[in-house]
Each structure stands twice: as structure tokens, then as C-alpha cells.
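Heads up, the thing below is written out as C-alpha cells.
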Amino acid sequence: MRDSAAADKRVEALRRLYPEASLELVFDNPFQLLISVILSAQCTDARVNQVTRVLFSRCPTPQDILALSQEELEEMVRPTGFFRNKAKAVRACCQELVDRYGGRVPGTLEEFVRLPGVGRKTAAMVLGNALGVHEGIAVDTHVKRVSQRLGLSSAKTPEKIEADLMQLLPREDWTWFSNALILHGRRVCKARKPDCQACGLAPWCPYPDQA
DNA sequence: CTCCCGATAT
DNA sequence: ATATCAGGAG
């Protein structure tokens, strides 16, 4: 077992800094969050929100998205990048929702990760933030980087990092924790130039201060 | 491991 | 000008 007392200090500090951490994606229901997260890869949340505002007003349901031609859908999601892949994933995913789940999203992580274009990260994020079902911790690039710098995990793969993080706090806090690490990774503990000066976690962080 | 697209940091 | 960045599929 690792130094869980030290890890607790960092988790507590994170809670003080981001007590109400939530996603910056705008959504009205679990279906909308699912599509938003699929579109969010390598794209700012602000841009995803611009695209989904139009997309969801025209297509509130999976059935409505399936009624679009592939080309129309591609044009609508184009600004988010990887638009052919994303349009394909969104369409395939909507098809599954209609065929297997009556046009709604499933309720377990196991079912989620079987959806086309949905891996553990997307599944945990949607389940936790839209349904309050905390079955996992969404490990994206921010969570990975921040966890490693803070010394909360020395694992390399998202699955192992997730397992390490799950040990640190109770299930009902998993979604908050992921959200907080993401916010911290975006605002302070950035990939290129981490702002260690301004970091509220610095007193407990083993990561070497660059400047 | 490569591919996918385009925004943004360097 | 160019390298980096993200998540999932193949």
C-alpha cells in the first residue's frame, strides 16, 4: 500500500479548491451528454457547446439524428474536428440506442462501453454526470497527467490509474474527483506550462516546479 | 501502433 | 512554421 495519508492531503486540498467541480459541457439529458462527450475529444468544451446547441435544437432524439444524412451530420459536427470519425460514431451510437435501448441511454457502465465510439472514459463521464451512477472514474489526458504529477498513481495505463484513484475515496465522490482533476488540469496543471506558482496543491505536490 | 482533423502553444 | 494534443477503432 502506498502513502495514503499523503494522498488524502492532496484529495482534501483538491476538495477545498474545487468543491463543486462539474463539467463545462451543456446538456439537458443523458443522451445529450453522451453525444457531447463523443464530440469533445481534442476540442474545447466551448466549441462542442456551440455545435450541440444547433444539433440538439434540430435533433432532440437519437431518431432525429438518424434521420440526417451522413453528410449533413458531418457538416454539423465539423467544427469539433475528426468530423468523419465523430459523425460515424455518433450515428452508430444512436442506431444502437434505438435498436437496443428504446432510444434512451443504458444505465450501466458495462452496457455503455459496448456502444460504438464509447470507451471507459466516455462511459464513466456520462454515467456519473448525467445519471449519478458512479461505476468508474473517467481518466482522460488531464486526469492521467495530474494524477501522475500529484503522485496519486504511478501507473501508465488509464485502467490502472483508474484502479489506483478508486482506492482513494468513496464511490460517491468518484465523479466529482474526475471533474476536479480535469478542471485543475485545464486551468493550472497544464500539459505544457504548469502554473505551479498559482497552484493550491503545490505544498503537497512532489512535481518539480518548473519556473 | 496508426489513423483521424483542426486549434493552439511554442 | 511546426509540433502537440485526445479518445477510440482497426
Side-chain angles (χ1 to χ4, degrees), chain A residues 23-25 27 30-55 62 65 70-97 99-100 105-106 108-130 135-149 153 155-163 165 174-175 178-199 207 210-211:
Chain A
L23 298 181
E24 292 173 304
L25 294 169
F27 60 98
F31 164 68
Q32 291 190 353
L33 181 58
L34 174 57
I35 301 307
S36 297
V37 174
I38 290 173
L39 295 179
S40 71
Q42 189 58 29
C43 182
T44 62
D45 287 354
R47 190 168 296 277
V48 172
N49 291 336
Q50 277 181 244
V51 164
T52 56
R53 180 170 171 167
V54 178
L55 179 63
I65 287 183
Q70 188 66 18
E71 291 69 26
E72 284 176 305
L73 184 56
E74 284 180 2
E75 283 315 304
M76 293 189 82
V77 304
R78 184 164 204 140
T80 68
F82 292 168
F83 66 94
R84 290 188 194 87
N85 282 353
K86 286 179 181 176
K88 197 175 300 179
V90 165
R91 165 170 287 281
C93 195
C94 287
Q95 189 69 60
E96 283 289 292
L97 295 183
D99 290 348
R100 305 180 56 141
V105 303
T108 68
L109 193 138
E110 167 122 17
E111 293 169 301
F112 253 98
V113 297
R114 286 193 216 124
L115 295 171
V118 177
R120 270 195 83 84
K121 177 256 170 179
T122 300
M125 189 166 280
V126 175
L127 226 33
N129 286 284
E135 287 199 56
I137 294 180
V139 178
D140 70 352
T141 186
H142 300 292
V143 173
K144 179 169 188 267
R145 180 182 66 253
V146 176
S147 300
Q148 288 170 337
R149 285 180 180 166
S153 174
K156 307 279 190 292
T157 72
E159 290 78 13
K160 289 178 178 173
I161 293 168
E162 184 182 8
L165 297 183
W174 288 353
T175 300
S178 176
N179 290 343
L181 290 172
I182 290 167
L183 280 187
H184 190 63
R186 284 180 178 159
R187 295 175 182 175
V188 182
C189 197
K190 297 170 288 185
R192 301 185 187 191
K193 209 188 58 163
D195 199 354
C196 301
Q197 287 13 357
C199 180
Y207 190 74
Q210 306 291 5

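So you know, we letter chains A, B, ... as the sequences are listed, proteins then strands, and number each from 1.
Between the side chain of Arg192(A) and the base of dT4(C), at least one donor-acceptor pair of N or O atoms lies under 3.5 Å.
If you take NZ of Lys88(A) and C1' of dA9(C), they are 10 Å apart, rounded to a whole angstrom. Leu39(A) has its CG atom 14 Å from the P atom of dG7(C), to the nearest Å. Spacing between atom CD of Glu162(A) and atom C1' of dG7(C) amounts to 14 Å, rounded to whole angstrom units. Residue His142(A) contributes atom NE2, which lies 13 Å from atom C1' of dT4(C) at whole-angstrom precision. Here dA9(B) presents its P atom at 9 Å from NZ of Lys190(A), a figure rounded to the nearest Å. Taking atom NZ of Lys193(A) as the reference point, atom C1' of dT10(B) lies 11 Å away to the nearest angstrom. The CZ-P distance, from Arg186(A) to dT8(B), rounds to 14 Å in whole Å. Counting to the nearest Å, the C1' atom of dG8(C) and the CD atom of Glu159(A) are 12 Å from each other.
A residue-by-residue look at Arg120(A) and Ala191(A) shows that Ala191(A) has its nearest nucleotide of DNA chain C further toward the 5' end. Of the two residues near DNA chain B, Thr44(A) and Asn85(A), the one whose nearest nucleotide lies more 5' is Asn85(A). Nearest-nucleotide mapping onto DNA chain C: of Leu115(A) and Cys43(A), the residue sitting toward the 5' end is Cys43(A).
Using a 4.0 Å heavy-atom distance criterion, Ser40(A) is classed as making no nucleic acid contact. If you check every strand for non-hydrogen atoms under 4.0 Å, Pro79(A) touches nothing.
Across dG7(C), dG6(B), dA7(B), the shortest atom-to-atom separation from the side chain of Arg78(A) is found for dG6(B). Proximity note for Arg47(A) (side chain, C-beta onward) versus dA7(B), dC5(B), dG8(C): the nearest is dA7(B).
Formation of a donor-acceptor pair under 3.5 Å by the Arg145(A) side chain with backbone atoms of Gly185(A) is found in this model. Proximity of a side-chain donor or acceptor of Ser178(A) to a complementary backbone N or O of Ala138(A) within less than 3.5 Å is detected.
Salt-bridge annotation for Arg100(A) and Glu111(A): absent, with no side-chain N of the basic residue lying under 4.0 Å from a carboxylate O of the acidic one. Salt-bridge check for Glu74(A) with Arg78(A): failed, with every basic side-chain N at 4.0 Å or more from each acidic carboxylate O.
The side chain of Arg84(A) contributes an N or O atom lying less than 4.0 Å from OP1 or OP2 of dC5(B).
Residue-environment remark: NZ (Lys160(A)) stays at or below the threshold of 12 foreign heavy atoms within 6.0 Å.
Here, dG10(C) and dC5(B) have their P atoms 14 Å apart, quoted to the whole Å.
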